[in-house]
A.B. asks: 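Before we start, here is the structure in question, set down as structure tokens.
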Amino acid sequence: MAGSGSLPCAIGIDIGGTFTDVVLADETGVRAVSKRLTTPSDPAVAAIEATRDVLAKSGSDPADVQRVVHGTTLATNTILEHKGGRIAFVTTRGFRHLLALGRHARVESERFNLAFDLPSPPVGLALTFELTERIGPRGDVLVPLDEASVVTLAEALKPLDLEGVAVCLLHSHTNPLHEFRVRELLESRLDTPVVLSYDVSPETREFERATTTVMSAIVRPVMERYLRELESRLQLLGIAAPLYVMESAGGVLTVEAAVRRSVSTVESGPAAGVMAAQALGMQLGVDDVVAFDMGGTTAKAAVITAGRPGITHEFQVGGHGSFGSRRSGTGVPIRVPTVDLAEVGAGGGSIAWADAYGTVHVGPHSSAAVPGPACYGRGGVAPTVTDANVVLGYLDLNSAAELPDFDAALARQAIEVALAQPLGVSVETAAAAVYDIANAMMAGALHVVTVQRGIDPRRYALVTSGGAGPLHAAKVAERFGIARVLVPPAAGVASAIGLLTSDLRSEQVRAMHLSGDEVAANEVEIAFRQLEDQGAGELGASDDRVGVVAHRTLDIRYRRQAHHLSIELPDKAFSGSVWADAVQQFFEAHREAFGTGRPGPVELVNLRSSSARSVGRVPFRRPNPGGATATSAGRHRPAWSLAQRSMVETPILERSVCTPSSGARGPVLIEDLEATVLVPAGWSASFLEDGTTQLDRETVTT
Amino acid sequence: VNDVTASTNIDDEIIRHGFLIAAEESAITVVKAAHSQFIVEGSDAGAAVLTRRGELVAQAAATSILHSGGIAETVRAIIEDYPLDSMVDGDVYIINDSYRGGVHANDVTVARPVVIDGRVEFFAATLIHVLDLGGGAHGGINAQAQETFEEGLQLPPLHLATAGVRNDELFKLIELNSRSPVETVGDIEALSSGTLVCSRRVEALVAEHGLDRLHGAVDEYLAQTEAWTRAEIAKLPPGSYEGRAVIDDDGINSDRSYDICVRVTVEGDTLGLDFEGTSPQVRAGVNSSASQAFDSAVFAVRCFIDSTIPTNDGVFRSMKANFPRGSMLNPEPPHPCGGRMMASYAIVDAIVEALSKAAPDRRIARSGMLLGYALAGISGNYWIHNSFDFGGTGARIGHDGADATGFHFGVGRNQIPQVEPIEARCEVLCTGVELIADSGGAGRWRGGLGVRITLEVLEDAVASIRTDHFETPPTGIDGGGDAMRSSVYIVDPRGHRTDLPSKAANVPVSKGCLFVLETSGGGGYGRPSARPIEEVARDVVEGRVTPGSARDIYRVEVRQDGAVDEAATEILRSR
């Protein structure tokens with residue numbers, strides 16, 4: 001197996017609701033790809049099979065694997081499906097109702113609703129407990145921790161069969177000693193992990209600190225079990241390299257960090273798709289792109305402007321309203337940086353159905369990996385978007401290795417029974433309706449991140465990925481007047497490649513509330529060094545920290561102002577003059593943001609340290625496997641014409657034999673290994689050197 | 001349902017959202033730059049884009065619905081005093097005059113014309129409750145005021161900046177009239193910053209789409225909104241519906257209560273609101289400025305029509321209201337308007353009562369009232385904790401009331417400051433924020449609970465409060481029980497309790513005393529004995545209802561371990 005030509009390489013594992021995608025890549029690009037149906041009962045099964053597959057296909061020695069990076073929807077699913085650990089919430093006496101009272105914002109549609117209901121808190125009152133203790137706002141102990149009350153609490157918690165305890169004591173960000181002691185006392189008496197708010201989100205405002213802690217405790221046991229298991233199974237394959245997990249802002253964490261800060265992975269999978277689009281854009285010199293990823297279960301859209309994706313610092317789990325997950329007070333807040341994206345529950349596996357009035361709907365139910373779309377031949381009978389694409393001739397999965405039982409007749413039958421017969425239309429017409437409705441839903445996600453943010457999408461290029469994305473991208477783009485669509489090499493597994501395009505990253509923060517004249521250089525320098533040590537530790541850096549780059553930031557505000565601005569510091573030891581410069585920069589930044597920035601007394605609020613360790617990014621490239629230069633030899637099949645509304649003979653091209661000198665005009669279907677690109681009439685395709693397929697709108701119609 | 005993405009011309013949509021984003025960013029800027037805790041912790045900033053005629057185009061989502069019309073009217077007052085052709089880029093205006101669209105002294109509007117090629121094309125405006133503008137009580141909560149002059153510095157339309165140059169003289173005047181000049185000036189500058197960010201956004205829209213296109217889209221948007229609102233009004237059964245609500249007292253004349261009376265007339269697609277019969281204006285702080293009365297009325301009507309209609313001038317145009325001149329909803333100077341929250345609540349309650357006759361499925365028991373208060377340090381180092389909390393919502397068919405989240409004005413608990421930032425700035429120690437068991441009116445559907453806030457005062461301070469309904473509780477309907485009333489009291493270190501009236505100013509609270517606020521619950525709906533046993537048991541387990549009330553009122557026996565004693569319950573319920 002281990003060829004002598006084996007090179008250091010990396011593996012990306014992206015587990016979605018329907019498919020598990022694994023790529024093996026090195027500095028030349030993607031060397032092997034494997035796609036498997038996700039195994040929901042034990043997601044590691046498909047991941048390991050696919051990993052074994054890419055090792056074999058590429059002839060790589062497992063010992064040459066330098067890192068494995070994982071994108072997972074585990075945290076999100078755990079929270080949204082309420083499958084997380086059963087946990088207790090512990091807080092300071094007098095604040096038992098902290099979560100129950102909440103900080104709910106009534107958005108537009110709720111504002112005039114006389115019958116609105118408050119969302120139920122993430123931990124109910126029956127599992128919420130109080131301790132006698134009190135820290136003051138400056139870290140002073142006002143009421144010492146009553147250790148007997150902690151012991152009593154431990155006794156009360158013992159019979160509850162808990163998987164975690166979340167502790168958020170008032171003002172613990174200024175003095176964590178009570179939280180530390182509570183953990184010590186509880187962990188010595190209970191066989192349950194205790195998550196402290198100081199470790200998860202050491203910043204002021206007790207509600208967001210509490211919910212971030214609670215969510216962390218809920219996700220942590222599930223995440224830990226899963227990652228440890230995956231790690232050991234990878235080791236059984238002979239892979240000794242460390243496992244990393246993508247976090248919600250697109251950075252990469254070690255397993256230890258991912259467990260400790262499990263909520264940071266809440267948008268892990270979706271972030272990978274955005275990182276892929278960002279990497280492709282950088283490679284092609286396109287700075288403004290809309291990332292559009294359509295997989296089996298969901299579709300996501302995000303905007304990358306000037307090469308940078310939007311990042312939000314407070315993510316609302318289950319958030320709603322016109323600003324989606326970034327609107328404060330609409331979901332359960334978690335205070336972690338997250339890629340700003342919109343998601344709709346519609347993908348290739350979404351089930352299409354007709355209501356009593358003859359209207360066709362797509363979703364919200366999904367056939368997921370089990371049983372899967374009808375055409376997979378795995379027992380599914382409900383028609384899905386994928387079945388519609390098969391009926392329309394857009395998709396031919398006969399040669400898909402992961403789907404040995406594929407049968408196009410089953411797709412026809414499913415659409416016939418569930419849609420065509422009840423509606424009294426042809427099977428193709430019914431399938432075309434499903435295709436159109438799916439496009440409208442995808443457009444909804446794009447709408448949220450562009451038009452609703454006041455961004456005109458027309459100056460952006462659409463980068464599409466996911467197994468279903470390239471079939472729908474051009475028609476979705478048309479709705480917004482987007483004239484260029486970029487389909488990356490190996491588009492069907494682009495998120496898995498996106499996992500390998502990021503640096504390892506670690507963000508540390510410490511609250512340090514001082515008035516400007518109290519700032520002591522020595523104290524700040526020591527604190528920064530401690531944060532940098534923590535960061536380097538999380539990145540698994542060696543003692544000499546080779547390859548680790550750390551950036552320092554100070555949060556500064558005017559005295560008696562409540563919100564701060566973050567000011568980046570130069571790369572040198574903290575001193576009085578560094579502080580003086582930072583304050584000057586604060587005045588300037590304030591003037592820039594708010595129009596006024598007169599010199600005045602300021603306060604230091606937080607120290608932040610951001611460490612990154614470069615691990616050798618993988619280029620977005622798939623070396624041409626066959627190296628063929630001939631154009632395809634006149635293959636055709638009947639496919640639905642969106643213009644003529646009927647089935648017509650449509651040319652089929654193989655992406656692997658398309659070269660930069662060749663081009664194509666729609667309608668044409670371009671088949672790649674993991675995805676098919678639909679080039680509708682009015683669009684032309686060109687083939688870039690790196691393997692990207694570029695679609696351009698030929699004429700502008702309205 | 002409007003499939004926005006199906007629109008063939010997405011320009012209109014981009015423009016509409018562009019205005020919304022401009023307002024949204026403006027509000028965020030104000031919150032981030034403001035100094036007073038009331039604003040920055042509660043995210044309570046109003047921000048809007050208006051036409052050159054002062055018509056509301058778009059507002060920030062967090063804008064209290066109570067401020068929408070007020071902002072527009074104050075901008076029109078500015079235009080009245082300063083002709084549009086006299087305005088230049090960089091002009092910024094300020095106003096708080098209650099009789100010209102303002103709310104009360106502390107609710108300050110700042111407006112900036114958006115000037116394109118020398119012509120005013122739009123206005124960017126922001127509004128917040130600034131920390132202190134003097135007057136008879138700290139934080140602008142002077143429930144004892146008999147004239148508007150006792151409520152704080154009155155500001156007619158004035159230049160805050162002229163052609164980009166800050167009006168230092170006006171700032172000096174404001175500083176000298178404020179107990180907390182740093183925060184107050186910081187708040188006003190934050191308002192100005194918000195308008196600057198907003199106007200930059202609007203200028204970018206002009207550059208992108210062109211003025212003609214932009215004005216066309218705005219006209220279309222407002223016209224469509226009006227047509228939509230009217231179509232919704234036409235769905236209500238035509239007729240004339242009456243409603244009434246009472247304000248317990250005015251804080252000065254303890255023997256007087258006040259009536260808010262409304263007749264709502266639905267005729268085709270027009271809706272009229274006539275407040276004839278409402279009590280006359282009074283020399284006490286329970287009147288409401290006309291702009292606030294109108295905003296309250298619009299809010300209440302919108303609870304009965306499509307909730308997704310956007311908030312802009314199109315909504316306002318489609319309703320006609322009569323607030324008799326000289327009544328407490330359209331007072332003449334110098335009748336104080338600072339306690340307009342009382343009148344607002346009563347307006348909403350009266351309209352909801354009236355329209356419930358047209359739409360009986362929307363009947364709702366009365367809700368607990370907002371309790372506004374301020375605690376201020378008086379021993380040297382000045383600090384002020386200016387805040388409020390909500391009562392419980394009344395129950396409705398199929399819904400228990402929400403806890404400590406009144407429905408009036410549609411705001412949520414995200415408006416309430418958190419404890420850590422309060423303690424970091426004020427000499428108070430909060431020893432509890434707790435739901436009050438049994439405070440919600442009992443019923444088949446239970447009223448929402450009130451909340452108890454306990455603040456230990458660490459330095460000598462004075463307290464001011466302004467609320468109502470310490471006498472008459474939020475009532476239940478159809479056999480549902482009344483809710484617990486609100487109260488405010490001081491407990492001294494020896495445990496002695498002193499109750500305060502609902503309207504009080506500058507009450508001394510000595511170091512070491514507890515200042516305790518309890519908001520009322522919401523009324524119940526339907527007979528308590530009809531409430532399913534398992535719902536009563538859950539309320540007991542979660543501490544919303546005490547075991548005693550479960551037994552005596554709901555007739556359910558819940559044991560100490562939370563299980564229902566079925567035999568005992570059967571006997572109780574069969575009586």
Side-chain angles (χ1 to χ4, degrees), chain A residues 93-98 100-118 124-126 134 136-138 142 170-171 204-207 321-323 327-329 440 443-444 447 451-454 456 479-481 513 558-563 590 593-596 702, chain B residues 3-6 8 10 13-14 17-18 21 29 31-33 35 37 40-41 43 61 65 182-183 186 189-190 192-193 196 208 299 302-303 307-308 352 362 364 396 398-399 402-405 407 410-414 418-421 423-425 429 431-435 451 454 541-543:
Chain A
R93 190 162 308 288
F95 297 92
R96 182 173 170 239
H97 297 115
L98 177 62
L101 280 164
R103 287 184 61 73
H104 179 66
R106 294 173 63 188
V107 296
E108 299 90 332
S109 56
E110 282 174 324
R111 183 162 271 191
F112 305 106
N113 179 5
L114 297 175
F116 71 98
D117 292 314
L118 292 177
L125 288 171
R134 189 64 148 85
R138 279 158 285 276
L142 302 178
L170 241 54
H171 293 296
T204 185
R205 296 190 175 89
E206 65 272 13
F207 180 70
S322 62
F323 288 82
R327 177 77 158 284
S328 176
H447 194 266
V451 177
Q452 287 188 20
R453 303 270 199 269
D456 186 344
R479 287 174 167 257
F480 293 93
H513 191 176
Y558 281 113
R559 188 171 69 85
R560 317 211 74 168
Q561 196 177 24
H563 290 276
H590 200 275
F594 303 116
T596 64
T702 48
Chain B
D3 178 1
V4 285
T5 60
T8 49
I10 66 169
E13 261 240 276
I14 291 172
H17 283 285
I21 294 289
T29 303
V31 169
K32 299 265 182 211
H35 283 53
Q37 203 157 26
V40 295
E41 298 302 335
S43 312
I65 227 73
V182 174
E183 283 89 346
E189 288 190 327
S192 177
S193 298
L196 178 65
E208 195 169 346
F299 170 81
R302 294 184 71 182
C303 295
S307 63
T308 62
V352 167
R362 299 209 177 185
I364 180 168
R396 243 192 69 171
H399 298 266
D403 295 335
T405 309
F407 83 85
V411 291
R413 290 199 62 81
N414 61 324
Q418 301 196 44
V419 171
E420 287 178 347
E423 291 185 349
R425 276 159 196 280
L429 178 72
T431 59
V433 180
E434 300 159 289
L435 291 168
V451 66
T454 307
V541 168
E542 296 191 339

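Numbers restart at 1 for each chain; the letters A, B, ... are given by sequence-line order, proteins then strands. All values below come from the heavy atoms of this structure, side chains included, with hydrogens, waters and symmetry mates left out.
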A.B. asks: Which one wins on heavy-atom pair count under 4.5 Å against chain B: A:H590, A:H171, A:H513?
C.D. replies: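 Top option by heavy-atom pairs under 4.5 Å: A:H171.
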
A.B. asks: Just verifying a value: how many Å separate A:F480 CZ and A:H447 NE2, rounded to the nearest 0.5 Å?
C.D. replies: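 Here the interatomic distance stands at 6.0 Å.
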
A.B. asks: To the nearest 0.5 Å, tell me how far B:Q418 CD sits from A:L170 CG.
C.D. replies: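 Reported to 0.5 Å precision, the distance equals 9.5 Å.
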
A.B. asks: Using heavy-atom distances under 4.5 Å, tell me whether B:R396 contacts chain A through its side chain, its backbone, both, or neither.
C.D. replies: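 Interface part for B:R396: side chain.
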
A.B. asks: Let me know if A:R93 has heavy atoms under 4.5 Å from chain B in its side chain, its backbone, both or neither.
C.D. replies: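 Backbone of A:R93 only, per the 4.5 Å heavy-atom cut-off to chain B.
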
A.B. asks: Shorter than 4.5 Å, heavy atoms on both sides: which option in B:E189, B:E423, B:E542 has the most such pairs with chain A?
C.D. replies: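 When all of B:E189, B:E423, B:E542 are compared, B:E423 has the most.
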
A.B. asks: Apply side chain to side chain donor-acceptor pair (under 3.5 Å) to residues B:H399 and A:D117 and explain how you reach the verdict.
C.D. replies: CA-CA 7 Å; B:H399 298 266; A:D117 292 314; 2.8 Å; yes

A.B. asks: Please classify the contact between A:L142 and chain B as side chain, backbone, both or neither, with a heavy-atom cut-off of under 4.5 Å.
C.D. replies: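 For A:L142, side-chain heavy atoms alone lie under 4.5 Å from chain B.
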
A.B. asks: Measuring only between side-chain heavy atoms, which start at C-beta, is A:F95 closer than 4.5 Å to A:E206?
C.D. replies: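 When only atoms from C-beta onward are counted, A:E206 and A:F95 do not touch, as no gap falls below 4.5 Å.
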
A.B. asks: Under 4.5 Å from any heavy atom of chain A, what part of B:A424 do you find: side chain, backbone, both or neither?
C.D. replies: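 Both backbone and side chain.
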
A.B. asks: Drop me the distance from A:N113's CG to B:R362's CZ, to the nearest 0.5 angstrom.
C.D. replies: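 That separation rounds to 8.0 Å.
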
A.B. asks: Quick one: of B:L435, B:L196, B:T431, who has the most non-hydrogen atom pairs under 4.5 Å with chain A?
C.D. replies: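 Between B:L435, B:L196, B:T431, the count favours B:L435.
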
A.B. asks: Does A:L125 offer a backbone N or O that forms a donor-acceptor pair with the side chain of A:R96 under 3.5 Å?
C.D. replies: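 Yes, because the side chain of A:R96 sits within donor-acceptor range (under 3.5 Å) of the backbone of A:L125.
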
